[in-house]
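See below for the structure under consideration.
First the proteins, then the strands, lettered A, B, ... as listed; each starts at 1. We use all heavy atoms of the structure for the numbers below, so side chains are in, but hydrogens, waters and symmetry mates are not.
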Amino acid sequence: MSLEERYNAPAVEAKWRTAWDDAKLFETDNDDPREKYYVLEMFPYPSGRIHMGHVRNYAMGDVVARYRRAKGFNVLHPMGWDAFGMPAENAAMQRGIHPGKWTYDNIAIMRTQLKSMGLSLDWSREFATCDVEYYHQQQRLFLAFLEAGLVTRAMGRVNWDPVDRTVLANEQVIDGRGWRSGALVEQRELPQWFFKITDYAEDLMDALGTLDRWPEKVRLMQRNWIGRSEGLKMRFEYDGEAPDGSGALTVFTTRPDTIFGASFMAVAAQHPLAKALADRADVAAFIAECDRLGTSAIDIEKAEKQGFDTGLRVKHPFVEGRTLPVYIANFILMDYGTGAIFGCPAHDQRDLDFARKYGLPVRPVVRPTDADDTFGVGTEAYTGTGALFNSAFLDGLSIAAAKAKVADALEEKTLDAAPQGERAVNFRLRDWGISRQRYWGCPIPVIHCETCGIVPVPEADLPVKLPEDVTFDTPGNPLDRHEGFVNVMCPQCGNPARRETDTMDTFVDSSWYFARFTAPDADKPIEPKVMEDWLPVDQYIGGVEHAIMHLLYSRFFMRAVEKAGYGARPEPFAGLFTQGMVTHETYKDQAGNWLFPEEVVLKDGPPRHAKTGEPIIVGAIESMSKSKRNVVDPDDIIANYGADTARWFMLSDTPPERDIEWTDAGVEAAHRFVQRLWRLINEAKTRFDRPGTGDGTTLQKAAHAAVRDISADIEALHFNRAVARLYELANALQKGLADDVPGAILKDAVSKMVVCFAPMMPHLAEECWTLIGQEGFAAAAPWPAFDEALLVEDTVTLPVQVNGKRRAEVTVEKDAAKDAIEAIVLALPEVHKFTGGKPPRKVIVVPGRIVNVVA
RNA sequence: GCGGGCGUGAUGGAAUGGUAGACAUACCGGACUUAAAAUCCGGAGGCUUCGGCCGUGCGGGUUCAAGUCCCGCCGCCCGCACCA
């Protein structure tokens, strides 16, 4: 082969992918006795084509998988499809294609694309969540959860589109209107299925502390999401008759210390008390107004605090004769705490706003330590630390002490033979509503019978299959109007009954797929022993957009799986890494239309349109998106430069957790390096048998140091640094060739180098591996060893500082004594110059690092 | 508003409290070429009276030594948000 010949990546890459496939190199045996390593990237939604974000995600995962394989682990690295969801139904509505066909066609395309990346995946374990077999097993899990008491049915509020007569997801509500119909969306209460994730709120919170290989940021987000707060549940006795028949109004508070500052009570519009009063027209009108209020962030910001005085009064628990008015208020949430509060305006901003509006008393009861009795509150509530005052038996106490004292007092005090207060922990976390009124999802396997109630579909009748003959020409859930699907016999009494038509949230599908990968063909959802062997996933990689829901649901799911008897691995992901996005410049023409990068010329002159020559506007660098057209198709890059170039670029320069900017210059540079490596290794190979005339120790050391550093960098997921080390090693090899170092050293350095870049550029590595006469696959070659002793220098060069400024350097024996170094340093003319010849006040010698002379 | 993160050359970025700017891009010079591309060799933080001085968003502090630790600002990004 001529050295001038360029490396033909597309041809070479295809050849090696076939060779890997034929050798079944990446298929994993569950019975392999070696230590396991499970690496997983978040599986893709089959939207149609892969994008650069996938390339980055899977390139990273593949580096980890190939590295661990080389290190001798039994690596599991599977791939599948998160295949249920709305886009398939939208395609069906818009183009009349069945969601299943649309989905499987997309999968076929994307599978081919992923395969062209040369990922070391075990494709024999592939599945899609819309496969009947997968959702069959999911239905069995659902029934097991139901059996275990982890599933409930309750009223839940949904977005209802009155024109399309359908439930909308939050994302489908745009400015309060249905995205298709444009109709004003209403809030409706419908019976919904829920998973009881709140049963595990405490455990999900506590166990976050054990996830030490998760980003702190993600753990924090989950902590905030679960939202634990400690406080007091307290009951306020009505001053008179209560319309709902209860003797007391129960609230949850985290500030029982401020009880003497309480000046009103407020309940949510959905509170039972409000409902009990709703036969009054004015109350009903107020409730209706609250219901109309949107739940979006903007709505909330704009909304003024509004209240309705019910005329009811409750008694203050400690002040004889003081009563508090009870309001219905729009800022109280029914689904947090008890849906009712006591308002203490002086120490809560919302309560203060409310009190000012309705002319309620503002009584400060906590004051800063440097304030006196005249301490007051204007337009800003005081939420800082301090001491209690105006508070009878609490006066002078700290906030913490006062909280405890009030709790103690109310726990002793009784009302209707029960303690009036109870210490309580409240969570922000709600139960997980899994009902979706859609077709393209996993059917919930229950039957509604008038006499028997809710009846699980018997095991023998599973799976509940999605009917194929459905239409999407009318809005709403096609399952609802499919007579053959809906009308069934009750499995218990045999009378006519109605099948549940809700399907499961697609987050359910992705909450256990990683467990299914361990035994994808098992005739039960999860093979407990196998799952326990493989889980937790050692390294999970994906986007930070899944930091809360997907990861929290999966953590809950594995706890539920354990309770349902399918094996105990409550924490599914031991290591989590969230990678950054892929960004690109944006371009617009004069008319303000977005332009694709290929429509734009940036070189040689001002930016202009490729066809019209019209000047264009270069916009901000933003995350790649179809709407802004700042996308680059991975297929084009792979066809032009090869997968190795694309992978190498995705791993270079930018730390993996940050956003990476895609640039043509960057791809070109990556591709030049592919070609350069090929040239260098070809050149080196011709010299393997020559004795050489130069000294090879520099190259030898560089090779060993590179192995050490690249190993550490990959293990820490610092791919950009590993890439830099490989550039250094290539530079050292080039220098070695110029210096004509011995062939044996060249060969050793090249062999090490090829295995070291194989995780990033696996095809090139195979081609080079064969070229230099190595046996077998580079992908199966063991990770090279390095000799630490070789990297220890006999002498060491230390920088010499005078007063912290670098003035000279000295080369000394590695083991030189501090005194000896000090003597040498003090004799240096550069040091004399800056000390003025005077004896130094102090000399700091850090062996192997630095010397600092303090003059 | 609350919580978190980040500010380093023209650019992406590197740097266990120990020589700031590794590595790469862009740029400049040289070799090769009729020429260009590619390739190879080399240069390069700023200022300078050529002695040095100044440099990691700004201002303080700790330390023999600070990009790194502490305090206070400024700016940008992300998450959550009427959560009692």
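- The cationic atom of A:Arg6 (NZ for Lys, CZ for Arg) does not lie both less than 6.0 Å from the six-membered ring centre of A:Trp678 and within 45° of the ring axis.
- Annotated as anti: B:G67, whose glycosidic dihedral deviates from 0 by more than 90°.
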Restricting both atoms to N or O, compile the protein contacts to nucleotides 24-28 of chain B shorter than 3.5 Å, with distance only.
residue, atom, partner, partner atom, Å
B:A24, OP1, A:Asn731, ND2, 3.2

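- Legend: residues meeting ring-ring contact (aromatic ring centres under 6.0 Å, His included) with A:Phe834, ordered by chain and number and at least two apart, are absent.
- Nucleic acid contact for A:Thr663: none, since no nucleic acid atom lies under 4.0 Å from a heavy atom of the residue.
- Counting only Watson-Crick and G-U wobble pairs whose two distances sit under 3.5 Å, RNA chain B takes part in these stems of three or more pairs: B:1-7 with B:74-80, B:10-12 with B:23-25, B:27-31 with B:39-43, B:45-47 with B:52-54, B:57-61 with B:69-73.
- Using a 4.0 Å heavy-atom criterion, one finds that A:Lys833 contacts the sugar-phosphate atoms exclusively.
- Under the side-chain contact (heavy atoms from CB on, under 4.5 Å) criterion, A:Ser229 pairs with A:Phe252, A:Thr254, A:Tyr336, A:Asn426, sequence neighbours left out.
- The side chain of A:Arg807 lies closest to B:C53, out of B:U19, B:C54, B:C53.
- Residue-to-nucleotide contacts include no donor-acceptor pair under 3.5 Å from the side chain of A:Arg228 to the base of B:C83.
- Judged by distance alone, with hydrogens and angles left aside, the side-chain atoms of A:Gln222 form no donor-acceptor pair with the main-chain N or O of A:Leu208 at under 3.5 Å.
- Heavy atoms of A:Asn720 sit under 4.0 angstrom from primed sugar atoms or phosphate atoms, though from no base atom.
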Nucleotide-resolved protein contact map, nucleotides 75-80 of chain B, B/S/- at heavy-atom distance under 4.0 Å: ---SSS
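- Within 4.0 Å (heavy atoms only), A:Ile332 reaches at least one base atom of the nucleic acid.
- A distance below 6.0 Å separates the ring centres of A:Trp648 and A:Phe673.
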Under 3.5 Å, which donor-acceptor pairs do the side chains of residues 257-269 of chain A form with other protein atoms, sequence neighbours left out?
residue, atom, partner, partner atom, Å
A:Asp257, OD1, A:Arg255, NE, 3.1
A:Asp257, OD2, A:Arg255, NE, 3.2
A:Asp257, OD2, A:Arg255, NH2, 3.0
A:Thr258, OG1, A:Arg255, O, 2.9
A:Ser263, OG, A:Pro361, O, 2.9

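- For A:Leu220, the listed nucleotide lying nearest its side chain is B:G4; candidates were B:G18, B:G4, B:A84.
- Taking the ring centroids of A:Phe649 and A:Trp662, they lie under the 6.0 Å cut-off.
- Side-chain rings of A:Tyr327 and A:Tyr358 approach one another, their centers coming within less than 6.0 Å.
- Using a 4.0 Å heavy-atom cutoff across all strands shown, A:Arg223 reaches no nucleic acid atom at all.
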